[in-house]
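Labels below follow one simple rule: chain letters A, B, ... track the order of the sequence lines, proteins then strands, and each chain is numbered from 1. All values below were derived from every heavy atom in this structure, side-chain atoms included, with hydrogens, water molecules and symmetry-related copies excluded.
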Protein chains: 2
Amino acid sequence: MELRHLRYFVAVAEEGHVTRAAERLGIQQPPLSLQIRALEREVGAQLFRRRPRGMELTAAGRAFFTDAQEILQRVDHAFASTRRTARGEQGRIAIGFTNSAPFHPFVPRVIRAFRDGFPLVALNLEESGTSELVEALRAERLDAVFVRSSAPDYSGLAVHFLMEEKMMAALPAGHRLAANSGAKPLDLAALNAEPFVLYRRLAGPGFYDAIITACRDAGFNPTVVQEAPRILSTLNLVAAGLGISIVPASLQRMQMDGVVYRRLKTVRKLVAPLSLAVRRGEPSPAVGRFVDLVRKTAKAFR
Amino acid sequence: MELRHLRYFVAVAEEGHVTRAAERLGIQQPPLSLQIRALEREVGAQLFRRRPRGMELTAAGRAFFTDAQEILQRVDHAFASTRRTARGEQGRIAIGFTNSAPFHPFVPRVIRAFRDGFPLVALNLEESGTSELVEALRAERLDAVFVRSSAPDYSGLAVHFLMEEKMMAALPAGHRLAANSGAKPLDLAALNAEPFVLYRRLAGPGFYDAIITACRDAGFNPTVVQEAPRILSTLNLVAAGLGISIVPASLQRMQMDGVVYRRLKTVRKLVAPLSLAVRRGEPSPAVGRFVDLVRKTAKAFR
DNA sequence: TAAATCCATATCTGATACATATGGCAGATG
DNA sequence: CATCTGCCATATGTATCAGATATGGATTTA
């Protein structure tokens, strides 16, 4: 049996009249009559009762009619769905981001923009450390990853730089340098005697190394008294008075009791980049559309 | 597109290799390659990415693969389901019976036997008066009807006599003729001075007329002091002492306080038949099977 | 570098779907 | 009651299409 048989059958069932159904289908009455007979032979059941004035469905024919309509409907749906997927308008993509990425207002904004523009594409969101994310990207568990730093190894991946943001000092409330919050930016060198609390290097090597390098360029080695596993625990430790930290400016959206943010005088290397990494080669249409939107939105965001 | 295209596509998708898929399908590799290309043109999307060593699905191809498998599965299901319906092993039939029919042990038994034998056939059961049932049968709201009497007009219907049962006298407890319940059968003439409570003629004309005729043959006109709309209300009125009644023997399964059943000496015309009525012509396979089972079970029941 | 593997293209042929002509049957009509 | 009408079924011919065979092109493998 072929779909042609189902289409012919449904037409005859709806018309109750072979000649009218043939007209509707654009063929002549004898081949339609033959096709119905062939279908009945193949199904192994009589689907119509022949009358002098037209045909009527048997009980088996009524059962088959229901199924046939549904099958034809599903075929049309399959076509439409496949075309949408091919155009990237439908499907599923998995997006990863580092623990600090969501605090950057760009990331939630572009995710919302994508959802609005492509409601039929399902987004899976994953948050993890940079290394885990890159590994998942390579293993095809993730399709695109927002990263905030240079990973040790981006081979096989395409990394699209989106933007960068300044870093700020995070000081315990009551700290001698915390007065006049929002006033004149601090010299990085003013932090030379301070104990440092830094986001663990393994989780965010880009931040860690950038901070170390910037301090050395300012003339001192920072005293790292504690590494924190998460960006939030970094702030918690600062609030507890264990030391100071340097974090991306977007973190100041996270107002936390006991933490005061102070701007720093511009240090060329002390910035936090935001990039999107994907696998090289041919992305799925949905991933392609996502990358396009992210890059376009990043240009408009600056 | 035809089902052939779906079958070819699924085979290639599963094998990832056109030559192997062609072998599996029993055709040569070049026509299969052409059919896949034709399908991609018709869908309007590339379903496979060609590699030097085989083909792999695109995102659109993966979406289509899911749909194609489901469609082919539904086609097989439609065939099987239609065959079952054609064999009367599946479908739905509506059975009607008069208010008194369920008390005959045969009726629930044959219904259970049918359910056991054809679990995929759904039974709708309706209870009503004989006239309503016959009307519903003619209007195709019911497919088969158990009746207990001769309806005024069975034209256009086929009535299969199943069996008959004796009638019994239903007396108020304490009645002078109620003593020695189960003893020697009563003469019908012994009831000549009694007030009669009868099941309404409109609801069960066969019973009514048979009782009137039998009494006249026994030499008296029964004094009908009350007609009851339902067989149960007939018994209720007897229990209340309004009079006596004559009911099918199967009613004695309905033990009711205040009612005593007494057998009657055999009166040729005073029996309650049980018949199955269906429309003339070609019943659906499920109805045909039901009629067959009912008739066969009735023979074994006697 | 030659051979192997795999899909794509070209050409031919048999099978099949459809057109046309006509027949048969049951119901409608005069 | 005879004739006509409406509708599906059968017979025959033909154009189209699916599949076979032969061969080519590109990439990988030995």
Side-chain angles (χ1 to χ4, degrees), chain A residues 1-58 60-62 64-65 68 72 75 156 280-282, chain B residues 1-58 60-62 64-65 68 72 75 156 280-282:
Chain A
M1 187 188 65
E2 297 290 3
L3 289 177
R4 177 181 73 252
H5 294 100
L6 296 186
R7 295 190 177 103
Y8 289 0
F9 166 77
V10 166
V12 175
E14 286 175 350
E15 298 284 348
H17 193 285
V18 177
T19 308
R20 283 207 301 272
E23 286 165 10
R24 177 167 137 182
L25 293 162
I27 66 174
Q28 299 298 314
Q29 171 265 322
L32 180 54
S33 182
L34 283 173
Q35 290 286 336
I36 296 298
R37 295 297 279 262
L39 175 60
E40 284 176 318
R41 274 200 302 281
E42 192 169 347
V43 169
Q46 191 169 330
L47 303 174
F48 291 99
R49 195 171 294 119
R50 272 77 172 168
R51 298 293 194 213
R53 291 280 194 272
M55 321 234 276
E56 62 188 31
L57 286 166
T58 60
R62 283 194 291 277
F64 194 70
F65 180 59
L72 292 176
V75 166
R280 288 183 183 287
E282 296 163 83
Chain B
M1 187 187 66
E2 298 290 2
L3 290 175
R4 179 183 70 252
H5 294 99
L6 296 187
R7 294 190 178 103
Y8 289 359
F9 167 76
V10 166
V12 174
E14 286 175 351
E15 297 285 348
H17 193 284
V18 177
T19 307
R20 280 207 303 272
E23 285 164 11
R24 178 167 135 181
L25 293 163
I27 67 173
Q28 298 298 313
Q29 171 266 322
L32 181 54
S33 182
L34 284 175
Q35 291 286 336
I36 297 297
R37 295 296 282 264
L39 175 60
E40 283 176 318
R41 274 200 301 280
E42 191 169 349
V43 169
Q46 190 168 331
L47 302 174
F48 290 100
R49 196 171 293 119
R50 273 77 172 167
R51 299 296 194 210
R53 289 279 194 276
M55 323 234 274
E56 63 187 32
L57 287 167
T58 60
R62 281 193 292 278
F64 194 70
F65 180 60
L72 293 175
V75 166
R280 288 184 184 286
E282 297 163 82

To the nearest angstrom, how far is [X] atom [atom1] from [N] atom [atom2]?
X        : N       : atom1 : atom2 : answer
Glu56(B) : dT27(D) : CD    : C1'   : 15 Å
Met1(B)  : dC17(D) : CE    : P     : 17 Å
Gln28(B) : dC17(D) : CD    : P     : 22 Å
Arg53(A) : dC4(D)  : CZ    : P     : 16 Å
Gln35(B) : dG19(D) : CD    : C1'   : 9 Å
Glu23(A) : dC7(D)  : CD    : P     : 10 Å
Glu2(B)  : dC17(D) : CD    : C1'   : 12 Å

List the atom pairs, donor and acceptor, that lie under 3.5 Å between side-chain atoms in residues 22-29 of chain B and the rest of the protein, sequence neighbours left out.
{"from": "Arg24(B)", "atom 1": "NH1", "to": "Glu14(B)", "atom 2": "OE1", "distance (Å)": "3.4"}
{"from": "Arg24(B)", "atom 1": "NH1", "to": "Glu15(B)", "atom 2": "OE2", "distance (Å)": "3.1"}
{"from": "Arg24(B)", "atom 1": "NH2", "to": "Glu14(B)", "atom 2": "OE1", "distance (Å)": "2.4"}

[X] side-chain N/O to [Y] backbone N/O, donor-acceptor pair under 3.5 Å:
X        : Y        : result
Gln35(A) : His5(A)  : no
Glu40(A) : Gln46(A) : no
Arg51(A) : Arg49(A) : no

message: Go through it in stages, so that I can follow the logic: the residues are Phe64(A) and Leu6(A), the test is side chain to side chain contact (heavy atoms under 4.5 Å, CB included), and I'd like the CA-CA distance, side-chain angles, deciding distance and then a yes or no.
response: CA-CA 9 Å; Phe64(A) 194 70; Leu6(A) 296 186; 3.6 Å; yes
Please enumerate all protein N or O atoms sitting under 3.5 Å from an N or O of nucleotides 9-14 of chain D, with distances to 0.1 Å.
{"from": "dA9(D)", "atom 1": "OP1", "to": "Arg37(A)", "atom 2": "NH1", "distance (Å)": "3.1"}
{"from": "dA9(D)", "atom 1": "OP1", "to": "Arg50(A)", "atom 2": "NE", "distance (Å)": "2.7"}
{"from": "dA9(D)", "atom 1": "OP2", "to": "Ser33(A)", "atom 2": "OG", "distance (Å)": "2.1"}
{"from": "dA9(D)", "atom 1": "N7", "to": "Gln29(A)", "atom 2": "NE2", "distance (Å)": "3.0"}
{"from": "dA9(D)", "atom 1": "N6", "to": "Gln29(A)", "atom 2": "OE1", "distance (Å)": "3.2"}

Over all atoms of both residues, closest heavy-atom pair of Val18(B) and Leu32(B):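 Heavy atoms of Val18(B) and Leu32(B) come nearest at O-CD2, 3.4 Å.
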task: Report the C-alpha distance between Phe9(B) and Leu57(B) in whole Å, list the side-chain angles of each, state the deciding distance to 0.1 Å, and finish with yes or no for side chain to side chain contact (heavy atoms under 4.5 Å, CB included).
output: CA-CA 10 Å; Phe9(B) 167 76; Leu57(B) 287 167; 3.8 Å; yes
query: Contact class for Phe48(A) (heavy atom, under 4.0 Å): base, sugar-phosphate, or nothing?
result: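 Here Phe48(A) touches no strand at all.
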field: Full working for side chain to side chain contact (heavy atoms under 4.5 Å, CB included) between Ile36(B) and Phe48(B)
entry: CA-CA 9 Å; Ile36(B) 297 297; Phe48(B) 290 100; 3.7 Å; yes
- prompt: Measuring from Arg50(A):CZ to Thr58(A):OG1, what's the distance to the nearest 0.5 Å?
  reply: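 OG1 of Thr58(A) is found 9.5 Å from CZ of Arg50(A).
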- prompt: Would you say Thr19(A) reaches dC8(D)'s phosphate, i.e. side-chain N/O to OP1/OP2 under 4.0 Å?
  reply: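 True: Thr19(A) side-chain N/O within range (under 4.0 Å) of dC8(D) OP1/OP2.
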task: State whether Arg4(B) places a side-chain N or O below 4.0 Å from either non-bridging phosphate oxygen (OP1 or OP2) of dA18(D).
output: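 Indeed, a polar side-chain atom of Arg4(B) lies that close.
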field: Closest to the His17(A) side chain, choosing from dT21(D), dC7(D), dA18(D)
entry: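 Looking only at heavy atoms from C-beta outward on His17(A), the closest nucleotide is dC7(D).
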field: Covered region of DNA chain C, 5' end to 3' end, by chain B [heavy atoms, under 4.0 Å]
entry: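 Listed 5' to 3', the contact boundaries are dT5(C) to dT9(C).
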